[in-house]
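Numbering of ligands and ligand atoms starts at 1, following listing order.
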Amino acid sequence: MLMAARMVRKGSSVADIGTDHAYLPAYLILNGISPKALACDVRKGPLENAGKTVEHYGIEKEITLRLSDGFDEIEPFEADDFIMCGMGGTLMEQLVSRTYWLKDKRKRIIVQPQSHAEDIRRFFVENGFEILFEDACIDSGKLYCAMAAEYTGEITVKPLSYIYSGELSKCQKKEAKLFLENINSRLKKKLEAEKVHGCAENAEYLEKVTAELEETINGMQTDS
Ligand SMILES: C[S@@+](CC[C@H](N)C(=O)[O-])C[C@H]1O[C@@H](n2cnc3c(N)ncnc32)[C@H](O)[C@@H]1O
């Protein structure tokens with residue numbers, strides 16, 4: 001969550017989608033990073049949790065609680081930076097893709113996908129968003145990644161493996177390298193399964209992707 005918080009532009013108002021306890025918006029307000037925040041969730045229970053956090057810190061004026069499925073109940077002018085942490089990348093892709101007004105060069109989307117990061121990266125790449133930077137960390141033995149993207153309107157051709165590596169390949173932390181090694185070993189297992197039981201086309205695709213990832217990983221400069 002802290003990784004995502006560090007990607008918020010100082011002074012930006014934020015909307016946290018899938019906020020649960022509203023820890024992220026509370027952090028941004030209490031640390032003077034954001035002047036105001038929307039804490040949104042699709043379920044009432046998590047919003048009640050959010051309400052308790054807001055009350056605990058006495059930040060009712062700065063944080064607005066909102067019941068919302070994705071971005072559906074948010075007006076475009078209500079925030080500059082939009083955050084989604086802890087959901088799967090497939091759900092993130094669905095929520096972002098149905099929100100046309102996120103295609104705005106002034107807005108930033110920050111995501112920390114719990115799984116299938118490749119789905120939200122693919123969406124960004126194919127729809128004119130540039131992934132500005134990515135970060136990775138380990139928490140309780142589990143690897144996480146986070147990324148910030150902005151709409152440019154330009155679609156650039158990327159290597160086949162980009163949806164798996166994104167800008168993590170430029171991150172100099174050892175956790176980024178570990179993250180990519182982890183992804184590549186999962187893809188290699190899939191490749192082996194495709195070779196035995198699957199289709200030749202999938203195997204060919206995975207062969208190329210894993211070879212590219214291997215090269216990317218070998219070329220990474222990490223700080224330790
Ligand atoms: C695993 S929790 C993550 C909470 C917090 N963002 C974090 O990273 O610690 C996922 C939250 O997303 C909410 N959620 C799931 N689908 C959603 C949707 N379509 N729109 C808004 N919130 C959603 C869930 O209710 C839940 O509170």
- Query: Where's the contact between M84 and ligand 1, heavy-atom distance under 4.0 Å: side chain, backbone, both or neither?
  - Reply: neither

- Item | Close-contact set for ligand 1 against P46 heavy atoms, below 4.0 Å | 25 (O), 27 (O)

Side-chain donor-acceptor pair present, [X], [Y], cut-off under 3.5 Å:
X    : Y    : result
D119 : T90  : yes
D80  : S13  : yes
E167 : Y162 : yes
E73  : S68  : no

If we only consider heavy atoms of [X], is any one of them less than 4.0 Å away from an atom in ligand 1?
X   : value
L91 : yes
S68 : yes
C40 : no

Of the protein's non-hydrogen atoms, which lies at the shortest distance from [atom], and what is that distance?
atom                    : value
atom 9 (O) of ligand 1  : M1 SD, 4.2 Å
atom 1 (C) of ligand 1  : G86 O, 3.4 Å
atom 15 (C) of ligand 1 : V42 CG1, 4.0 Å
atom 12 (O) of ligand 1 : G18 CA, 3.3 Å
atom 26 (C) of ligand 1 : D41 OD2, 3.6 Å
atom 3 (C) of ligand 1  : C85 O, 3.5 Å
atom 19 (N) of ligand 1 : D69 OD1, 2.8 Å

- Task: Would you please indicate yes or no on a ring centroid separation below 6.0 angstrom for F179 and Y144?
- Result: no

- Item | Heavy-atom pair of closest approach, residues L168 and A136 | CD2-CB, 3.9 Å

- Query: Where do S34 and V14 come nearest, in terms of heavy atoms and distance?
  - Reply: OG-CG1, 3.6 Å

- Query: Under 3.5 Å, N or O to N or O, is D16 touching ligand 1 that way?
  - Reply: no

- Can you find an N/O atom of G70 closer than 3.5 Å to an N/O atom of ligand 1? yes

- Side-chain donor or acceptor of K107 paired with backbone N/O of A79 under 3.5 Å: yes

- Item | Within one Ile-Leu-Val-Met-Phe-Trp-Tyr cluster: V8 and I74, side-chain cutoff 4.5 Å | no

